[in-house]
Structures are given as structure tokens and as C-alpha cells.
Colleague: 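The structure's right below; bear with me while I get my questions together.
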Amino acid sequence: MSLGLEIELSVRILATAAIVVGITLAAEHLGPKLGGALAGLPIVIGPAFFFLVRDQSLAFSADAAAAALTSLAATQAFILGYVAVAERSRAAIGAAVLAWLLAASLLSLVPASPWLGLAIFTASMLAARHLATRFLRPHGPGRARGSFLSLVLRGLAAGLLVAVVTLAADRLGPVWAGFLIAYPIGMTVISVTLHQRLGSAIAVATLRATMLGIASLAAFAFVLAIALPPLGPTAAFAAALAASVLVTLVLVALASRLARDRPARTGSGYG
């Protein structure tokens with residue numbers, strides 16, 4: 001491996017790890033609703049698509065973005081699998097990964113279309129949020145447990161996946177490149193860390209809020225898929241990032257307003 005490639009690989013890993021760690025800490029300290037909205041930022045697929053768009057053709061990148069949008073329905077299955085088991089086991093990540101694999105295997109058969117992907121994502125989000133409601137439990141303020149080092153190591157693992165997938169994109173093809181880029185590695189780090197440090201009730205409340213927060217990722221993938229051919233890589237990526245941030249800002253504003261309007265409750269709540 002050349003020195004230049006080693007440096008680039010290190011930058012990909014460290015940049016993604018820093019973003020994942022930052023968003024996890026934000027989710028931990030700002031509460032479930034605000035944390036869930038922020039967790040939907042393109043903390044992994046943003047850096048991954050930045051490198052993919054730079055290295056691949058417009059057609060390849062647009063198809064990968066459309067596939068990533070469709071695969072966000074599998075991310076909803078991932079979160080639902082986690083929250084369904086979280087109260088009973090800290091090994092809930094196993095159920096989440098299995099749910100993602102089953103959903104992704106089926107969704108990979110769907111043609112890569114941004115409009116079809118948007119419809120599938122929207123339907124899956126509404127269904128998953130409805131089903132996840134039954135797993136919400138009252139909770140008080142969380143008190144973090146566990147070490148910061150373990151969070152950093154998980155962030156580095158997320159960065160390594162981003163680096164490997166973007167470097168292997170040629171062999172994967174656009175559909176599975178898009179699916180693996182959108183694999184919820186950031187969500188894995190966030191869910192496991194919140195579960196370990198704050199307990200299952202807060203983790204479940206945050207993850208249910210994240211089901212809506214993922215609309216930010218959907219906006220990113222959708223705009224990137226439709227904007228790449230007419231605008232080119234730089235403008236399309238900027239437009240996708242702006243759309244994602246805008247959706248997150250709207251969700252944060254709504255969560256903040258709901259928090260202000262809701263009567264204060266002492267000692268418990270659903271976040």
C-alpha cells in the first residue's frame with residue numbers, strides 16, 4: 001500500500017470516528033428526542049459518499065445513493081430489532097443485525113430508484129415508529145457508565161468500515177456499495193453505547209426518535225441521487241448535505257418545541 005493511500009485511509013477512518021463519537025456524546029447529553037434527531041445526521045454515509053463520488057462515475061454514484069436510500073428501510077428494521085430486545089438483553093445488537101440482514105437481502109432486489117426508495121423508506125419509517133411505541137418505558141435522567149476509550153474504539157471501527165467499503169466499491173457494484181455504505185454502523189455505535197452507559201429505557205427512547213431522525217439521511221441520499229447527473233459531484237454533494245442538515249434542524253426545532261410545551265414531569269418520562 002502506498003504512503004498516499006495509507007494517509008487517505010487514515011483520514012477516512014479518523015474523520016468518521018470523530019463524527020460518530022461527537023454525535024454519540026451529543027445524543028447522550030441532550031436527551032432522547034434531540035439526540036435522536038442529531039443521530040440522523042449523515043455521520044457515516046456523508047464521509048463515505050464524499051469519497052465514493054470523488055472516485056466513481058456519476059452514474060455509479062447516483063445508483064449507489066438510490067440504493068442507500070432504499071436500504072434505509074433496512075435501517076428501520078435494524079432499530080426495531082434492537083428496541084424489541086433491548087430491555088431483556090444487552091446483546092440486542094444481534095437481533096438488530098439479523099433484522100437488517102433479512103430486510104437488506106429483500107430490498108437489494110428492488111430497482112435502484114430514488115423515488116421508489118423514498119416511498120419505501122417513508123412507509124417503513126411510519127410502520128417502525130408505530131411498532132416501537134410499545135417498547136417505550138418511563139425513564140429518569142441517565143447517568144453515564146463505561147469508559148470514553150470504548151466509545152473511541154467503536155468510532156474507529158465505524159471509520160474502518162467506511163474506508164473499506166469506499167475502497168472496495170468497484171468490486172461491490174453500486175447496489176451493494178450503497179447498501180453497505182448505509183449500513184447503520186453509526187447507529188450500532190450509538191445504540192450500544194447509550195445502552196451500556198445510560199440503560200435500556202433511554203436507549204430505546206433515543207432510538208425511536210432516531211427512526212424519524214433518519215429522514216435526514218433519506219434527504220441526503222435522495223438529493224444526491226437526483227442531483228448528481230445534472231449538477232456534477234461537488235454541487236450535488238453540497239446540495240445533499242444542505243438538505244440533510246435542513247431536515248435535522250427542522251426536527252431539532254420540533255423536538256425543542258415539544259419539550260417546552262410538555263408539562264414537566266419528575267422522575268420519569270418517555271423522552
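Note that the numbering runs from 1 along the sequence shown for the chain.
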Colleague: Looking at every heavy atom in both Ala73 and Ile120, which two are closest together, and how far apart are they?
Modeller: CB-CG2, 3.8 Å
Colleague: Going by side-chain hydrogen bond (donor to acceptor under 3.5 Å, both in side chains), name the pairs with one or both residues in residues 62-71, residues two or more places apart or in two chains.
Modeller: none
Colleague: Phe50: which residues meet the ring-ring contact (aromatic ring centres under 6.0 Å, His included) condition with it, sequence neighbours left out?
Modeller: Phe237
Colleague: Shortest non-hydrogen contact from Gly213 to Leu251?
Modeller: CA-CD1, 3.7 Å
Colleague: Which heavy-atom pair separates Leu80 from Ala132 by the least distance, and what is that distance?
Modeller: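 Minimum heavy-atom separation between Leu80 and Ala132: CD1-N, 3.9 Å.
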Colleague: Looking only at atom types and distance, does a side-chain atom of Ser61 sit under 3.5 Å from a main-chain N or O of Leu58, one as donor and one as acceptor?
Modeller: no
Colleague: Once rounded to the nearest 0.5 Å, what's the spacing between atom CG of Leu254 and atom CG of Leu212?
Modeller: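 Output value for this atom pair is 8.5 Å.
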Colleague: Give me the atom names and distance for the closest heavy-atom approach of Leu52 to Ala64.
Modeller: CD2-CB, 3.8 Å
Colleague: In chain order, what residues pass the side-chain contact (heavy atoms from CB on, under 4.5 Å) check against Ala225, with sequence neighbours excluded?
Modeller: Ala65, Ala66, Pro114
Colleague: Who passes side-chain contact (heavy atoms from CB on, under 4.5 Å) against Leu118, sequence neighbours left out?
Modeller: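 Leu118 satisfies side-chain contact (heavy atoms from CB on, under 4.5 Å) with Leu69, Thr122, Phe222 only.
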Colleague: Output the distance between atom CG (Leu228) and atom CZ (Phe49), rounded to the nearest 0.5 Å.
Modeller: 9.0 Å
Colleague: Minimum heavy-atom separation for Ala103 and Ala77, please, with both atom names.
Modeller: CB-CB, 3.9 Å
Colleague: Provide the full list of side-chain hydrogen bond (donor to acceptor under 3.5 Å, both in side chains) pairs with a residue in residues 221-232, sequence neighbours left out, each pair given once.
Modeller: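 Passing the test, one end in residues 221-232: no pairs.
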Colleague: Other than Leu98, what residues sit in its cluster of Ile, Leu, Val, Met, Phe, Trp and Tyr side chains whose heavy atoms are under 4.5 Å apart, directly or through others?
Modeller: Leu102
Colleague: Is there a chain of hydrophobic side chains (I, L, V, M, F, W, Y, each step under 4.5 Å between heavy atoms) that links Leu107 to Val97?
Modeller: yes
Colleague: For residues Phe78 and Ile93, report the shortest heavy-atom separation together with the two atoms involved.
Modeller: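 Closest heavy-atom pair between Phe78 and Ile93: CZ-CD1, 3.5 Å.
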Colleague: Just so I know, are the side chains of Thr75 and Leu217 near enough to count as touching, which here means a heavy-atom distance under 4.5 Å?
Modeller: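 Contact flag for Thr75/Leu217 side chains = no.
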Colleague: Can you sort out the partners of Ser113 under side-chain contact (heavy atoms from CB on, under 4.5 Å), two or more places apart, ordered by chain and number?
Modeller: Trp115, Leu116
Colleague: Sequence neighbours left out, what passes side-chain hydrogen bond (donor to acceptor under 3.5 Å, both in side chains) with Thr234? Give chain and number order.
Modeller: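 Per chain and number, Thr234 pairs via side-chain hydrogen bond (donor to acceptor under 3.5 Å, both in side chains) with no residue.
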Colleague: By side-chain hydrogen bond (donor to acceptor under 3.5 Å, both in side chains), which residues pair with Thr248, not counting sequence neighbours?
Modeller: Ser216
Colleague: State, with a plain yes or no, whether a side-chain heavy atom of Met125 is found less than 4.5 Å away from one of Ile214.
Modeller: no
Colleague: Flag yes if Leu131 and Leu106 sit in one hydrophobic cluster, no otherwise; membership is Ile, Leu, Val, Met, Phe, Trp, Tyr, and two members link when side-chain heavy atoms are under 4.5 Å apart.
Modeller: no
Colleague: With sequence neighbours excluded, tell me which residues meet side-chain contact (heavy atoms from CB on, under 4.5 Å) with Ala128.
Modeller: Gln76, Met211
